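So the structure is just underneath, and the comments pick up after that.
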Amino acid sequence: MCCNNELLVLLCRTTVGSRLAAKLRWKFYDADDYHSPENKRKMAAGIPLNDEDRIPWLCALHDILRREELSRQDAVLACSALKKIYRHILVSGASAIGNSLSEKPGENAALNILFVHLDGPADLIARRLEKRRRHFMPLKLLQSQFDALEPPTVPENFITVSLEKSLPDIVLEIEKAIFSG
């Protein structure tokens, strides 16, 4: 278990997140599993999601992470939290967007999340996406994700890891960052 009781959110793909969670014996969540049917239909049709589509999804993910924190369970969430506001919603919930009505009293303290920005060239990511089977997001939406991307910056709690490394090296680098900080 992590000495800092950090919840770990990956800004990119399931393979790294699931491998890391298995190695650390932490719970694993794939944010794609929590998209609404409407969001999945929209993406399957090649239409990028907008902020209005994503905010309820991000608030639901925050609630999952809050539940894990309350049960003192470390977790890995594979999530493409592309924008700073998205990451802020994951940390603070609906209060990040000025709407704390959905939050229960006493639940508005920020979560302790380490964001892992998996960084790599578009062509490498495209090749990996082409190998996915039965996923609702088509490859043609990749450019819209790069267009929306706001890489994490200080003061966000994050590390950047190159996708050009091998999967075991990526997982090891993340693990070292978790336990050294």
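Source: prediction; values computed, not measured. Both backbone and side-chain heavy atoms feed into the values below; hydrogens, waters and symmetry mates do not.
Of all non-hydrogen atoms in F158 and T160, the two that sit nearest each other are CE1-OG1, 3.6 Å. Considering every non-hydrogen atom in both P151 and H117, the closest pair reads CB-CE1, 3.6 Å. Contact detail for V161 and I159: the closest heavy-atom pair is CG2-CD1, 3.8 Å. When all heavy atoms of G17 and F28 are compared, the pair lying nearest together is C-CE1, 3.3 Å. In terms of heavy-atom proximity, L118 sits nearest to I170 at CD2-CG2, 4.0 Å. The two residues W57 and A31 come nearest to each other via the heavy atoms NE1-O, 2.9 Å.
Remark: the backbone N or O of K84 is paired with a side-chain donor or acceptor of E150 at under 3.5 angstrom. A donor-acceptor distance shorter than 3.5 angstrom exists from the side chain of S36 to the backbone of N39, with no hydrogens or angles considered.
Residues passing the salt bridge (charged side-chain N to carboxylate O under 4.0 Å, His left out) test with E38, sequence neighbours excluded: R41. Residues that satisfy the side-chain contact (heavy atoms from CB on, under 4.5 Å) test with T153, not counting sequence neighbours, are E156. Applying the side-chain hydrogen bond (donor to acceptor under 3.5 Å, both in side chains) criterion to S71, with sequence neighbours excluded, gives no partner residue.
Checked for salt-bridge contact, D53 and K42 meet the test: a charged N lies under 4.0 Å from a carboxylate O.
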Where do D51 and K83 land on the salt bridge (Lys or Arg N to Asp or Glu O under 4.0 Å) test, with the steps shown first?
CA-CA 10 Å; D51 291 353; K83 295 182 179 181; 3.0 Å; yes
Please determine whether salt bridge (Lys or Arg N to Asp or Glu O under 4.0 Å) holds for the pair E69 and R66, giving the CA-CA distance in whole Å, both sets of side-chain angles, and the decisive distance to 0.1 Å.
CA-CA 5 Å; E69 178 202 45; R66 171 70 64 202; 2.6 Å; yes
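Ring-plane geometry between Y34 and Y29 is classed as tilted, the angle between the planes lying from 30 to 60 degrees on a 0 to 90 degree scale.
The closest side-chain heavy-atom distance from F115 to V91 is below 4.5 Å. In this structure, the side chains of P152 and R87 come closer than 4.5 Å at one or more pairs of heavy atoms. Looking at heavy atoms from C-beta onward, D74 lies out of side-chain contact with I178 at the 4.5 angstrom threshold. The side-chain heavy atoms of R67 and I64, taken from C-beta on, include a pair separated by under 4.5 Å.
Distance check, rounded to the nearest 0.5 Å: CG of L77 to CD1 of I113 gives 8.0 Å. With values rounded to the nearest 0.5 angstrom, L61 atom CG is found 10.5 Å from I89 atom CD1. Between atom CD1 of residue I85 and atom CG of residue L58 there is a gap of 9.5 Å, rounded to the nearest 0.5 Å. Note that CD1 of I174 is 10.0 Å distant from NZ of K23, once rounded to the nearest 0.5 Å.
The closest side-chain donor-acceptor pair between S162 and D119, if any, does not fall under 3.5 angstrom.
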